[in-house]
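For reference, the structure is listed below as structure tokens.
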Amino acid sequence: MIFYFFMAGLLVFLYFSSRYAWWKRAVDYRYPRILMYHMVRDAIPGKKFNSLRVSPKNFEMQIKYLHDNGWHSYTMEEAILQKDTLPSKSVVVTFDDGYQDNLTHALPILKKYGFKATIYLVNDRHNRDWSGYRKAKNEGAGLKDEPKLSDDEVKALLESDLIEIGAHTLTHANLNALSLEEAQHEICVSKQEIEAHFTTACESFAYPFGLYSKRDTDIVAECSYTNAVTTEVGIVDLNRCDLFEIPRVTISGKDNFLAFWLKLRTGKRGIKK
Ligand SMILES: [Zn+2]
């Protein structure tokens, strides 16, 4: 009998260990954690992309934890400008695409704890279904129906002085599928339009779907962005990495608090992700 309890306990322990890789050492805390979010809203049962939906409750728990444990918040642009002197435990909160809940749900929480964020905005984001641009089977999966920020709402975010607006192409393009001219247009005009429309500097870029090639990192540099983030998972020293291929830490709507805590330490929840 005791043997079976022991075996059952061992199995649970092994499962827990491979799922959470709790023994892995934390990545040097002098390297900033760049967190990738999309929406701050409750999951929709039965829908795709719930990993992109972090509940307001979990988002507040995460930001409160960062605040209470001495993390320093920066926008992407600030982190790049101050990369030589960033203190230990620096964090950049980023949101991709430009969902309305970034204003209605995330901003009040960011304000409450004095945290900043960078939002990568798709210029032509209304009534556009980019779910299928990478995998045709995802078309119609619901991202089109998610409310996006109106231009006035983007202005309200900027007025909070906590938000940087970065670019994410005009149409959430799959850059790998575009010609050189099309890619230049998507990458460069998105910056120009944001700067003209919102009278703000647009220094930061995020590759849609994390898909890009060397050609695109060159375009991003030529269009005078100062930095670009990918969806590659990792925590790196900004003084020693390619500033046009900066990895991030993916925060999923499916992460419990332990997963979030582990991701802050190592960038990953378990061995692989
Ligand atoms: Zn995106």
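Note that ligands are numbered from 1 as they come in the structure, with each ligand's atoms numbered from 1 the same way. From a predicted model like this one, the values you see are computed outputs, not experimental measurements.
- Note on Arg53 versus Glu146: salt bridge recorded, some NZ/NE/NH1/NH2 to OD/OE distance being below 4.0 Å.
- Ring-centre distance between Tyr65 and Phe257: below the 6.0 Å cut-off.
- Residues in residues 160-197 take part in these disulfide bond (SG atoms under 2.5 Å apart) pairs, two or more places apart or across chains: Cys188-Cys223.
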Derivation of the side-chain contact (heavy atoms from CB on, under 4.5 Å) call for His185 and Leu170: CA-CA 8 Å; His185 185 73; Leu170 293 169; 3.6 Å; yes

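- The distance cut-off of 2.8 Å around the Zn ion (ligand 1) captures these protein N, O or S atoms, sorted by chain and number: Asp97 OD1, His168 NE2, His172 NE2.
- Residues satisfying the side-chain contact (heavy atoms from CB on, under 4.5 Å) test with Lys111, not counting sequence neighbours, are Leu107, Ser160, Leu162.
- Listed by chain and number, the residues in a ring-ring contact (aromatic ring centres under 6.0 Å, His included) with His168 are His172 (sequence neighbours excluded).
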